[in-house]
Amino acid sequence: QVQLVESGGGSVQAGGSLRLSCAASGYTSSPACMGWFRQAPGKEREGVATAHFGGTTAYTDSVKGRFTISKDNAKNTGYLQMDSLKPEDTAMYYCATKSSGPCGPSWLGSPRRSDYWGQGTQVTVSS
């Protein structure tokens, strides 16, 4: 049974940093794509950042230059380093995986293409 478990969320002031982690287990073969999505109250879930097993990454425009997605394949863990956080980054953040590509902008724009989801971790940024 595939499980994705996020951690690292919390409350920070604007300009601060957080590092989210996503621990994956239960895969018989590694998924091609790993991504981070977020959902604020009253809004639809949106793509934040995605990564292909081979290293290619994609980011939504609002986080480019501030967030960095990475993977440690040996640990089956993905990360989202979030710097220069803004109040508008406040949301529940979800880790997701997709068994095959594409892993880039098309997945960012269509979260429902994900195969598996974690339970989410809350990020709150105060001004």
Side-chain angles (χ1 to χ4, degrees):
Q1 182 178 356
V2 173
Q3 279 193 317
L4 301 175
V5 179
E6 302 98 332
S7 60
S11 297
V12 296
Q13 290 191 327
S17 297
L18 285 173
R19 188 193 195 204
L20 306 183
S21 299
C22 175
S25 62
Y27 284 101
T28 55
S29 60
S30 296
C33 314
M34 187 276 289
W36 290 92
F37 298 78
R38 66 187 179 188
Q39 188 166 17
K43 294 188 177 182
E44 293 187 353
R45 192 167 298 189
E46 64 172 354
V48 176
T50 62
H52 184 268
F53 178 82
T56 304
T57 58
Y59 297 89
T60 192
D61 286 345
S62 63
V63 308
K64 285 180 180 177
R66 300 189 298 120
F67 291 11
T68 303
I69 188 172
S70 62
K71 296 174 62 181
D72 185 332
N73 293 321
K75 295 182 178 180
N76 291 324
T77 301
Y79 304 96
L80 184 68
Q81 177 66 42
M82 305 186 294
D83 299 317
S84 301
L85 282 160
K86 303 176 180 180
E88 51 264 43
D89 294 318
T90 295
M92 184 71 79
Y93 282 71
Y94 298 89
C95 172
T97 60
K98 198 154 76 74
S99 60
S100 61
C103 309
S106 61
W107 186 28
L108 274 178
S110 299
R112 282 177 285 185
R113 295 183 179 184
S114 306
D115 294 325
Y116 297 101
W117 291 95
Q119 83 288 350
T121 185
Q122 178 67 38
V123 171
T124 303
V125 185
S126 58
S127 57

Using side chain to side chain donor-acceptor pair (under 3.5 Å) as the criterion, list what pairs up with N76, not counting sequence neighbours.
none
Can you hop from V63 to L108 via hydrophobic side chains spaced under 4.5 Å?
no
Any donor and acceptor pair, going by atom type alone, linking the side chain of T77 with main-chain N or O of A23 inside 3.5 Å?
no
Taking ring pair (Phe, Tyr, Trp, His ring centres under 6.0 Å) as the cut-off, I'd like each qualifying pair that reaches into residues 50-105, sequence neighbours left out, listed once.
none
Testing the basics here: between R38 and A91, what is the closest heavy-atom pair and its distance to 0.1 Å?
CB-CB, 3.8 Å
What side-chain donor-acceptor pairs closer than 3.5 Å can you find for residues 81-88, not counting sequence neighbours?
from	atom 1	to	atom 2	distance (Å)
Q81	NE2	D83	OD1	2.9
D83	OD1	S17	OG	2.8

Restricting to non-hydrogen atoms, name the atom on K71 and the atom on A51 that form the minimum distance, rounded to 0.1 Å.
CD-CB, 4.2 Å
What one should report as the nearest heavy-atom pair of A58 and G104 is CB-CA, 4.0 Å
Just by distance, do the side chain of E6 and the backbone of Q119 share a donor-acceptor pair under 3.5 Å?
yes
Residues in side chain to side chain contact (heavy atoms under 4.5 Å, CB included) contact with C22, at least two apart in sequence or another chain:
L4, W36, C95
Measure from the side-chain N and O atoms of T50 to the backbone N and O of C103, and report whether any donor-acceptor pair falls under 3.5 Å.
yes
So the salt bridge (charged side-chain N to carboxylate O under 4.0 Å, His left out) pairs with at least one residue in residues 108-127 (sequence neighbours excluded) are none
List the residues meeting ring-ring contact (aromatic ring centres under 6.0 Å, His included) with F37, not counting sequence neighbours, and say none if there are none.
W107, W117
Would you compute the distance between atom OG1 of T124 and atom CD of Q13 and round it to the nearest 0.5 angstrom?
13.0 Å
For T121 and L20, the nearest pair of non-hydrogen atoms, with its separation, is CG2-CD2, 3.9 Å
Taking a hydrophobic cluster as the set of Ile, Leu, Val, Met, Phe, Trp and Tyr residues connected by side-chain heavy atoms closer than 4.5 Å, whether directly or through intermediates, do L80 and V125 fall within one such cluster?
yes
Minimum-distance pair of heavy atoms, taken over all atoms of S114 and A96:
OG-CB, 3.6 Å
Distance from S110 atom OG to K98 atom NZ, nearest 0.5 Å?
9.5 Å
